[in-house]
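As a basis for the values below, the full set of heavy atoms in this structure was taken, side chains included, without hydrogen atoms, waters or symmetry mates.
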Amino acid sequence: MGTDVEASNQPNSFEGANVSIVQNKPAVVFVLGGPGSGKGTQCANIVQQFGYTHLSAGDLLRAEIESGSENGTMIDNMIKEGQIVPSEVTTKLLQRAMQESGNDKFLIDGFPRNEENRAAFENVTGIEPVFILFFDCPEEEMERRLLSRNQGRKDDNIETIRKRFKVFMESSLPVIAYYDAKGKVYKIDAARPVEEIFESVKTIFELYYKVKFEKIREILQYMLDRKMVTEGTEIWEIIQEALNISRDGIKECKCSTLEEKEDLTH
C-alpha cells in the first residue's frame, strides 16, 4: 500500500458512484478521522474546490436543540440524561439537511461514528457512500493540535482528549474496516502540512470525477450503439450533447497529480 494516499481497490472502489449515476442518488462522502486529525479544515477546502455541501451530525443536533422543536427538546433531554441519541434520529436530520440543501453531493463529517450509525444511515436513506476519506494521524500529533488550538476549552484537556481517542479507536475503526473491505476507503497521511494533505485529497476527487465522466460516456454510447434512441430525434441530440460534455469533463480532469503519484495502489 502507498505511503501517502491508499486505496484498497481503485478505480473499482467507485462502483457505488457508478450506480448512483444511473439511480440519480446523491453522492455522499464520509469523512472520518480522530479528533484533531484536520477533517474540518480539509472539508472547507473540498467545499471551496469541488462544490460539496459539508454536513456535521453534531452541528445538526445542536441546531435542532436550539430550534426549540419537539424533536430538539427530546434530543436535549436525552443528552442531559446521559443517553445516546438514536442513530435513526441523527440520520433523519442528515437526510433532511441533504434534501433541503439543493445540492447533490455531500461531505458528512465525523459520521458514522459506529456500526449502528452506519447501518441506520444506509437503511433510512438507501444511500451508500461513494467513498470514505480517512484522515490518519498519530495520537500524539492530534493531542498536540487540540491542546494548542483550543486552550481553555473545557473538553480539551489531556484526560478528555484521550477518552475521545479511545472512543474513536473502539467505535469508528470498525466502520472504516467495513468499507475498506468494499474497496471504498482512501487513507490519507494527516500528519503533514495542510497544503500537502489537500494535494492528496484533490488527487482522490480528480480520480472520482474521471471515473464518473467515463461511466456516463459508456452509458450514453451504449444507448446509441444499440439504437435505443433514433438518430435526429430530440433525445438523440440531448445524448450527443451529453457525450460531448462528458468528453470535455474527462479532458478537464487531467489528474496530473495521479501521474506524479505512483503510490496510489490497489
Where is the tightest heavy-atom contact between [X] and [Y], given as atom of each residue plus distance?
X	Y	value
Cys137	Met142	O-CE, 3.3 Å
Pro35	Leu146	O-CD1, 3.7 Å
Glu122	Pro129	OE2-CD, 4.1 Å
Arg192	Ser200	NH2-OG, 3.1 Å
Cys43	Leu107	O-CD1, 3.7 Å
Asn103	Gly51	ND2-O, 2.9 Å

Distance-only donor-acceptor check, side chains Ser87 and Asn117, under 3.5 Å: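 Side chains of Ser87 and Asn117: pair found under 3.5 Å.
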State, with a plain yes or no, whether a side-chain heavy atom of [X] is found less than 4.5 Å away from one of [Y].
X	Y	value
Glu196	Glu199	no
Leu32	Phe135	no
Val211	Leu207	yes
Asn114	Pro174	no
Arg62	Asp59	yes
Ser69	Glu64	yes
His54	Phe106	no
Val29	Leu133	yes

Roughly how far apart are [X] [atom1] and [Y] [atom2], rounded to 0.5 Å?
X	Y	atom1	atom2	result
Asp76	Glu81	CG	CD	9.5 Å
Ile108	Thr90	CD1	OG1	11.5 Å
Gln95	Glu100	CD	CD	11.0 Å
Leu55	Met98	CG	CE	7.0 Å
Ile79	Leu61	CD1	CG	6.0 Å
Lys202	Gln49	NZ	CD	5.5 Å

Carboxylate-amine/guanidinium contact Arg145 Glu141, below 4.0 Å: yes
Cationic N near anionic O, under 4.0 Å, Glu214 to Lys210: yes
Any chance you could lay out the ring-ring contact (aromatic ring centres under 6.0 Å, His included) test for Phe131 and Tyr208, step after step, and finish with the verdict? CA-CA 9 Å; Phe131 59 89; Tyr208 166 63; 5.7 Å; yes
Exactly one of Lys184, Arg118, Lys25 should register a side chain to side chain donor-acceptor pair (under 3.5 Å) with Glu128. Which one does? Lys184
Between [X] and [Y] (side chain of the first, backbone of the second, donor and acceptor by atom type, cut-off under 3.5 Å), is there such a pair?
X	Y	result
Asn123	Ala119	yes
Ser172	Arg113	yes
Ser171	Phe168	no
Ser37	Gly34	yes

Please name all residues satisfying ring pair (Phe, Tyr, Trp, His ring centres under 6.0 Å) with Phe121, sequence neighbours left out, ordered by chain then number.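 Result, ring pair (Phe, Tyr, Trp, His ring centres under 6.0 Å) vs Phe121: Phe30.
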Are [Y] and [X] co-members of a hydrophobic cluster defined by side-chain heavy atoms under 4.5 Å apart?
X	Y	result
Val201	Val194	no
Val31	Val167	no
Met74	Val124	no

Does the ring center of Phe134 lie less than 6.0 Å from the ring center of Tyr186?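 Judged by ring-centre distance (under 6.0 Å), Phe134 and Tyr186 do not meet the cut-off.
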So for atom NZ, which belongs to Lys92, do other residues, nucleotides or ligands contribute more than 12 heavy atoms lying within a distance under 6.0 Å? no
Evaluate side-chain contact (heavy atoms from CB on, under 4.5 Å) for Asn71 paired with Leu93, printing each intermediate quantity in order. CA-CA 10 Å; Asn71 195 39; Leu93 289 176; 4.1 Å; yes
Step-by-step side-chain contact (heavy atoms from CB on, under 4.5 Å) determination, Asp189 to Asp136: CA-CA 5 Å; Asp189 176 5; Asp136 186 36; over 6 Å; no
Would you please test Glu139 and Lys166 for salt bridge (charged side-chain N to carboxylate O under 4.0 Å, His left out) and show each step? CA-CA 10 Å; Glu139 185 173 323; Lys166 186 173 184 291; over 6 Å; no
Report the residue from Ile188, Asn45, Thr41 that forms a side chain to side chain contact (heavy atoms under 4.5 Å, CB included) with Ile197.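 The option that passes is Ile188.
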